[in-house]
Structures are given as structure tokens and as C-alpha cells.
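Worth knowing before you read on, the calculation uses all heavy atoms, side chains too, and leaves out hydrogens, waters and symmetry mates.
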Amino acid sequence: MEMPPPPPPPPGASKLAARKWTATAVPQVKEYSVSEWSALSPAQIAAPLPWSETSLCVHHAGYKGTRGGVLMIRLGDGADAQSLCVKPCQRLVNMDLELLAADILSAAGLRVPAARLATQAEIEDKMVPNLIAKFECTSGCWNIPDFLSSAGLYCMRADLRQQAGIPDSVAVAQLAALKASRAERRAAIEAGEARAEPVAVLEFVRGPTLPQAGGIAALGEGEYETLGRLAALDVLLNNADRLPIFFETEGNQGNLGNIILEPSSDGSVVCCAIDSCVNPLEGATLEKYVERIRAEGNAPSLTAASAALEMLGGTVLLDSHLSALRHGWYQGLEKICEMTQNGALRAAIDMRVDAAVAAGGTRGELPKATMHLLTVAEAIASLVAAGGGPPPRHPPEAYPENRLSGSSALGAFLMKACASLPPDASALFAFDFDKTLTNGFAPPGASLEARIRGGAHTLEGLKVTADLPGARRYIITARADETGRVSQGTLQQLASQISRSQPELLEYFDTPSDESCYRIVELVPAVPGGTSDGTSVGTSSSPGALRPYAWWWRDVPRVSWGPGMYATLQGDGRPILHGGSVFASGYHKSLALLFACTALSDARPPTHIFFVDDNPHNAYEVHCDLPERMRVWAGAEACRSGPQVTGWAPVVRSLWWDLHEEEFESQTIPPNTSGPDFAYLRDGAHSDFLYGPALRHFGLSLSDIAERAQRYERVRKEREELRAATRSNAEPAS
């Protein structure tokens with residue numbers, strides 16, 4: 001293997017006699033794993049911390065080599081292990097401005113990691129020795145963080161010193177110089193003549209960054225509103241290192257890596273802002289910035305932000321997403337106005353100034369930031385006071401006719417739909433599996449109604465579709481493995497269940513018999529207009545895109561299936577598993593439908609597409625997303641084959657088969673009160689319904705939603721009380 005370059009000499013080595021050092025191969029390294037670290041419990045960061053329990057220290061850099069990113073720290077081992085972060089900073093004022101930014105965002109109600117500054121005694125006596133002892137390189141090269149190398153990493157770690165070929169005499173001399181330098185600094189700090197090194201202890205936030213998440217599928221309208229609020233606060237801070245709203249200079253795609261998607265207990269995610277900073281302006285530059293806020297603040301361009309998000313997710317943002325982003329922006333402006341008027345902004349500034357003074361600084365270090373923040377905040381407050389507030393968030397257009405209710409509803413709809421199709425129609429029917437075609441995991445010997453939702457009514461409807469010439473039927477399941485990813489085991493499990501518990505469905509769906517017929521495909525970016533093999537899929541010309549997108553269907557090689565497959569994907573990280581009439585797509589069902597419509601049959605594309613799901617959000621997303629994907633496909637085909645190609649615009653009906661009547665009225669299905677498919681989930685702040693837009697789309701009013709949620713909540717509490725009573729009765733008497 002090619003040898004890495006030698007490490008930089010330890011600080012002070014240049015004063016010693018020149019030596020011939022020999023670099024050796026870097027030992028085996030461990031990659032940073034989001035899932036492994038997210039499984040740890042975040043540690044409380046308040047001092048004193050048990051630094052002696054450090055069992056691992058790795059450098060997770062943010063594209064800045066030895067100076068960026070943070071040190072990830074694991075305290076303890078096994079099930080009781082905890083995690084936290086250490087962030088050194090190169091300049092004292094930068095650390096003060098980063099902590100000030102976090103204070104302001106937190107005061108505005110946004111999620112940020114908890115943070116504190118370490119004392120010099122904690123750094124030198126507790127932190128550094130233990131971090132150096134347990135440091136492991138994760139980069140595959142000599143990418144050692146400056147904080148540790150300048151603190152004596154090579155002096156204290158004989159293994160790294162030997163691998164770097166550093167003579168022991170150099171290490172001994174450097175260690176002596178380091179001790180003298182530390183003693184001098186400690187004396188200055190104790191005399192009030194200097195501040196401690198700018199090192200922050202940070203809360204570890206579970207979850208991936210937006211780029212690590214592989215896309216934007218986890219973001220609902222609530223998360224887009226949060227991003228909009230965060231973007232408005234970033235304008236107050238003059239922080240361009242996140243979403244490029246108001247900072248849409250040429251080539252600036254922002255830095256979506258400064259947003260972590262923190263999982264909540266209810267299955268949703270919370271957008272957490274990291275690496276925030278106040279970047280103060282002054283003089284004519286500040287005046288020009290304020291003038292621009294007054295001119296453009298009420299209608300910021302979302303072009304660059306939507307393009308950055310679309311590029312990350314490989315899909316076009318829906319109008320509802322852009323509306324939520326803009327609405328969140330206005331909410332952020334209003335929050336800044338409120339904080340200016342009630343003194344919360346000034347209080348956050350004063351608190352950080354006091355903390356800097358307590359750490360040995362002076363009050364003169366932050367006046368520029370204070371002036372910037374108060375000036376910009378006043379401009380934003382005057383903008384809000386002048387009117388031009390947020391546009392009304394109209395509920396999505398309601399389609400109550402697309403909500404099915406009752407056990408016989410699906411069968412009746414299928415018969416009616418088939419009877420109303422024109423003679424030359426080419427129909428495609430797609431169904432979710434769990435709780436749509438089935439009643440859950442019923443045993444083979446159960447009644448037909450217990451095994452197949454709707455029983456005979458559903459089978460009669462399926463028979464009518466089978467009698468329709470050229471009609472196609474598919475099952476599209478969201479089932480995934482224990483990591484939340486699709487795998488070939490999903491199809492095996494589903495095919496086995498149908499054979500054992502729902503054999504009546506085999507007449508209407510071709511279930512895969514073995515793995516030889518499986519395919520895993522993904523959408524892969526290509527040049528506009530097609531690929532080298534002519535397999536054009538689509539070119540997006542949506543407003544706001546920096547450049548058109550084009551995709552083609554790529555078969556994922558079988559040799560890469562199994563653990564580690566996602567690391568080999570070339571697209572947006574959303575593979576589709578297919579076998580026979582069955583798809584496993586996670587929650588990317590419109591993507592599976594696009595593949596079914598465009599790549600599976602030599603017959604002409606369908607003119608009518610019907611999709612049915614028991615989850616309102618899945619059905620709503622197909623309603624919103626699939627027609628746009630079809631439009632993109634048709635446009636790309638016209639570009640590739642010439643203007644003679646007739647535009648393809650199939651009729652799409654996406655239906656929600658509502659469980660409420662069967663759960664509470666006829667009581668043929670036990671009510672479900674939790675999980676990601678629960679229709680009445682609350683958002684992370686418990687202030688709104690996560691799937692509210694979808695429920696309103698299918699005709700439920702706000703009062704309907706609230707009333708239903710109360711019924712489910714009563715059932716949940718009754719079940720908890722029953723479980724508690726059962727446990728109490730089972731416990732032996734003391």
C-alpha cells in the first residue's frame with residue numbers, strides 16, 4: 001500500500017537538531033459510524049465529568065483536516081456507555097461567538113446541543129491525558145487533530161510515536177517544553193492575565209446530519225417549518241453556513257451538514273442546529289446588510305435552498321414543502337421581533353458576555369457582535385411591524401372521495417372503478433400490504449375476515465380487476481429489516497406469509513418463489529436526456545433547480561446485496577426491491593410506482609393508476625409526488641425521442657383506507673395507538689399533528705382530527721393501566 005506522508009513534527013521540534021524520521025504504514029483504522037454512536041446514551045455535560053472512564057476518542061472532522069470537527073468521546077463500555085463531544089477552537093472570540101449563537105437559537109425555541117466551556121485545570125489535568133490515552137485514528141492518514149498533537153499526543157503515546165518514526169529524544173525534549181509552557185499558562189490564568197484555552201464540552205446529539213441521512217424523506221411539513229425558522233435566525237446571526245436562504249450567492253449551496261435529524265420517541269425527527277456562529281458586520285457593510293433585509297426580508301428567494309435540498313434528496317420539493325419553508329421563515333422573523341421587544345435577545349447577549357468575563361475575558365471582546373445583533377434585530381422588528389406577515393397556510397385541497405371507510409369499502413371501490421374506466425384504458429392497481437390487504441399477522445387457521453381486510457368483499461373487488469384486460473396489480477410494502485432498510489429478506493418474509501395466511505391472494509398477485517427473480521434497483525443521476533445505454537428516466541426542470549436532473553434505473557449488483565449494500569449505492573440511497581408483483585420500498589412508495597409504470601412491462605404505460613394505503617401520509621405523498629414524477633418522465637422521453645412523442649399524463653387516484661370505523665364502530669380491528677404508521681402522531685413539540693395535512697387532504701376537519709385523537713389516547717391510557725395492574729398482580733407479596 002502507498003505510505004502516508006509523515007506526520008507534522010511535534011510543536012517545538014523545529015528548535016531541535018534535524019533528524020531523519022521514517023514514516024510507516026498507518027495501522028488499521030475504525031470508521032466513524034452514526035448508528036453505533038447514536039446507540040449510546042448522551043452524557044450530561046455538567047462538571048465534574050468522569051474523564052478517567054474514557055474508553056474511546058475519535059476525531060470526526062468537518063472537511064477541515066486537523067482543525068475542524070469535534071472529538072467524539074465514549075465514557076464507559078457496554079450497555080452503560082455514554083457519549084459526549086469536545087470541540088477545541090482556534091480563537092477565543094470565535095468560541096464566544098459560537099456559544100452566543102447557540103444561546104440565541106435556544107432562546108428562540110430551536111434545538112441546539114447543550115454546551116459549556118472547560119476550565120484550564122479540567123483540560124490539562126483530566127481531559128487531555130485521558131483523551132490522548134484512548135485516541136484512535138479514523139481517517140486512514142496522519143490526520144491528527146491539532147488540539148491533541150499540541151497537547152503532547154506523540155510524547156505520551158509511544159505507539160503513535162514509533163509508527164511516525166519520531167525519536168524518543170525528540171519526545172523527551174518536547175514533553176519538557178510542554179510542561180514548562182503549561183505551567184507558565186496556568187500561572188497567567190490564575191493571575192487573571194489570560195483565559196483558558198477555548199475548549200467546549202458539547203452534548204452528543206443522536207442521529208445523522210442531513211447528508212448522512214441520505215436524503216430528505218424524513219422531513220415533513222413541520223420539519224420544513226423548523227428549517228425556515230432556523231434560516232431566519234441565521235440571517236440575524238449572519239450565518240451563511242447552513243441553508244442558503246438570503247445567502248444565495250453563486251455557487252453557495254449552504255452546508256446541510258450543520259443540521260442533525262434527532263429521532264424522537266414517536267418516530268418523528270427534530271432538526272438540531274450545530275456549528276452555529278455570529279459573524280458580526282459593522283460600518284457600511286452592516287448598513288448595506290440591513291438595507292437588503294428591509295428590501296427582501298418579506299419575500300426571500302428559496303431557489304438556492306430548494307435546489308440544495310433537491311440535490312440532496314434526488315427529488316423535487318413539493319409545493320407544500322416550499323410553503324412550509326416560507327411559513328417557517330416568517331415565524332422566525334416574528335420570533336426575532338418578539339425577542340427584541342421583550343428583552344430576551346438582550347438577555348441572551350448579556351448572559352454570554354457575563355460567562356466570558358467569568359472565564360477570564362473582558363467585556364470588550366463582544367461589542368461588535370452586540371451592535372450587529374441589536375441593529376439587525378431592530379431592522380427585522382420594523383419589517384414585521386410594517387406588515388407583510390406570513391401568507392396564510394391554506395389547508396390542502398380536500399378530496400374526501402379518496403377516503404375509504406368500512407370493511408367493504410375497498411371491494412366496492414374496485415368494482416366501481418373498473419366499471420367506470422373507458423374501453424381503451426390501461427389500469428394499474430397498487431396496494432399496501434399490512435393493514436390494507438391484510439388484518440395484520442393473523443394465524444393461518446383464522447377466519448377470512450381476520451386474515452384479509454374486508455374478507456370476501458376485497459376478494460370480489462380483486463377478481464373484477466383480474467377480469468379487466470391488461471390490468472396490472474402490485475403490492476408495495478414499507479416493511480424493512482431491523483435497521484429500517486430494505487433487504488431481500490423482506491420479500492421472502494412477505495411471500496411466506498401470503499402462502500401460509502393469505503393464500504387467496506395468490507390468484508391475483510405473482511409472489512416471488514425464490515431469490516433468482518429478485519431485483520434491487522435505484523435511481524442514479526445521469527446526464528440530461530439519457531444514459532450511455534439509452535435508459536432515460538427523467539429530467540427535472542422544476543423552478544428553483546440549479547441545473548436539470550436526469551436519472552436512470554440501475555440494477556444493484558447481487559454481489560453487493562446484504563450488509564454494507566447501502567455503502568455501494570450510487571444514487572440517493574433509496575433502493576427498491578422487486579420480485580414478481582411485490583415491491584419493498586420503505587416509505588418511498590411513489591418511487592416504486594414510478595418503476596412499476598416505466599420499467600416493468602413492454603405494454604403501453606398505464607392511463608389510470610390507483611394506489612390504496614391504510615396510512616394517510618403514504619397515500620397523500622403518492623397523490624402529491626407521483627404526478628410530478630410522471631410529468632418529469634414524460635418530458636425526458638419527449639426530449640430523448642423527439643417532439644413526436646405524445647405527452648403521458650395518467651390519471652392518478654391515491655386512496656386512504658381509513659381504519660377508524662373498523663376500530664371503533666364495527667370493532668373488527670383492534671385500535672392502533674402508536675408507531676410511525678399511527679395516523680394521529682404528534683410532532684416533536686406535541687403542538688400539531690404530524691400527518692395533519694394528509695388527514696385534511698382526505699376530508700377530515702380539525703375538530704374531526706382532535707376528536708379522533710382523543711379516542712385513541714383514551715384507549716392507550718386504558719391499555720397502560722391494564723398492563724400496570726397486570727404487572728402489579730404478578731409481583732409476589734412482600
Side-chain angles (χ1 to χ4, degrees), residues 96-112 222 224-248 254 271 273 276-302 304-305 322-355 363 366-393 685 687:
D96 286 333
L97 294 178
E98 288 192 24
L99 295 174
L100 174 58
D103 291 342
I104 292 171
L105 294 178
S106 179
L110 292 162
R111 173 75 169 102
V112 295
Y224 281 104
E225 280 195 2
T226 299
L227 293 180
R229 290 195 297 273
L230 182 55
L233 268 293
D234 277 339
V235 169
L236 172 65
L237 307 177
N238 188 29
N239 178 36
D241 196 28
R242 198 163 3 243
L243 270 177
I245 298 179
F246 202 77
F247 302 106
E248 63 281 8
C271 295
S276 306
C277 189
V278 180
N279 297 287
L281 304 173
E282 59 183 348
T285 306
L286 177 58
E287 291 177 7
K288 185 176 180 181
Y289 188 73
V290 167
E291 288 175 5
R292 183 166 171 242
I293 289 174
R294 290 178 175 142
E296 303 176 22
N298 269 331
S301 170
L302 301 183
L322 294 174
S323 176
L325 198 61
R326 191 176 296 279
H327 192 73
W329 167 271
Y330 286 111
Q331 289 177 334
L333 297 184
E334 291 176 337
K335 190 64 179 179
I336 294 169
C337 177
E338 176 189 321
M339 294 173 65
T340 304
Q341 294 172 347
N342 65 17
L345 177 61
R346 185 76 214 207
I349 296 172
D350 291 343
M351 180 183 70
R352 181 47 52 194
V353 171
D354 291 344
R363 291 189 180 273
L366 294 172
K368 183 178 176 181
T370 301
M371 179 61 68
H372 167 95
L373 290 166
L374 296 180
T375 302
V376 173
E378 286 293 343
I380 291 174
S382 64
L383 183 71
V384 173
R393 288 292 302 277
S687 60

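- The minimum heavy-atom distance between Ile245 and Ser301, with the atom names listed, is CG2-O, 4.1 Å.
- For the pair Leu281 and Glu287, the minimum side-chain heavy-atom distance is 4.5 Å or more.
- Between Val384 and Leu333, the closest heavy-atom pair is CG2-O, 3.7 Å.
- Across all non-hydrogen atoms, the minimal contact from Ala273 to Ser276 is CB-OG, 4.1 Å.
- In summary, the side chains of Asp234 and Asn239 do present a donor paired with an acceptor at a separation below 3.5 Å, with no hydrogens or angles considered.
- When every heavy atom of Leu100 is checked against every heavy atom of Ile349, the shortest pair comes out as CD1-CA, 3.8 Å.
- With hydrogens and angles disregarded, no donor-acceptor distance shorter than 3.5 Å links the side chain of Ser106 to the backbone of Asp103.
- At a threshold of 4.5 Å between non-hydrogen side-chain atoms, the residues Pro280 and Met371 do not count as touching.
- Between the CG atom in Leu373 and the CZ atom in Arg346 there is a gap of 10.0 Å [rounded to 0.5 Å].
- Atoms CG and CG, from Leu345 and Asp350 in turn, are 9.5 Å apart once rounded to the nearest 0.5 Å.
- Between Cys271 atom SG and Glu225 atom CD the span is 11.5 Å, to the nearest 0.5 Å.
- Relative orientation of the Tyr289 and Phe247 rings is parallel, given thresholds of 30° and 60° on the angle between their planes.
- Annotation: side chain of Leu374 is not in contact with side chain of Thr340 (no heavy-atom distance under 4.5 Å).
- Residues Leu237 and Ala101 come closest through the heavy atom pair CD1-CB, 3.8 Å.
- Summarising the geometry of Gly332 relative to Leu233, their closest heavy-atom pair is O-CD2, 4.0 Å, with the distance given to 0.1 Å.
- Side-chain contact check for Val376 versus Asn238: every heavy-atom pair is 4.5 Å or farther apart.
- Under the rule for a side-chain contact (heavy atoms from CB on, under 4.5 Å), the partners of Glu338 that lie at least two apart in sequence or sit in another chain are Lys335, Asn342.
- Atom CG of Leu302 is separated from atom CG of Leu322 by 6.0 Å, given to the nearest 0.5 angstrom.
- Residue Met351 qualifies as enclosed at atom CE: its count of foreign heavy atoms under 6.0 Å is above 12.
- Rounding to the nearest 0.5 angstrom, the gap separating the NE2 atom in His372 from the OG1 atom in Thr285 is 11.5 Å.
- Screening Glu334, Gln331, His327 for a side-chain hydrogen bond (donor to acceptor under 3.5 Å, both in side chains) with Arg229, the sole residue that qualifies is Gln331.
- Contact of the Asp241 side chain with the Asn279 side chain is not registered, since no non-hydrogen atoms from C-beta on lie closer than 4.5 Å.
- The closest donor-acceptor contact from the side chain of Arg326 to the backbone of Pro300 lies under 3.5 Å.
- Results of the side-chain contact (heavy atoms from CB on, under 4.5 Å) test with Ile104 over Leu99, Val112, Leu236, Leu110 single out Leu236 as the only residue that passes.
- For the 3.5 Å distance criterion, the side chains of Arg111 and Thr226 fail to qualify, holding no donor opposite an acceptor.
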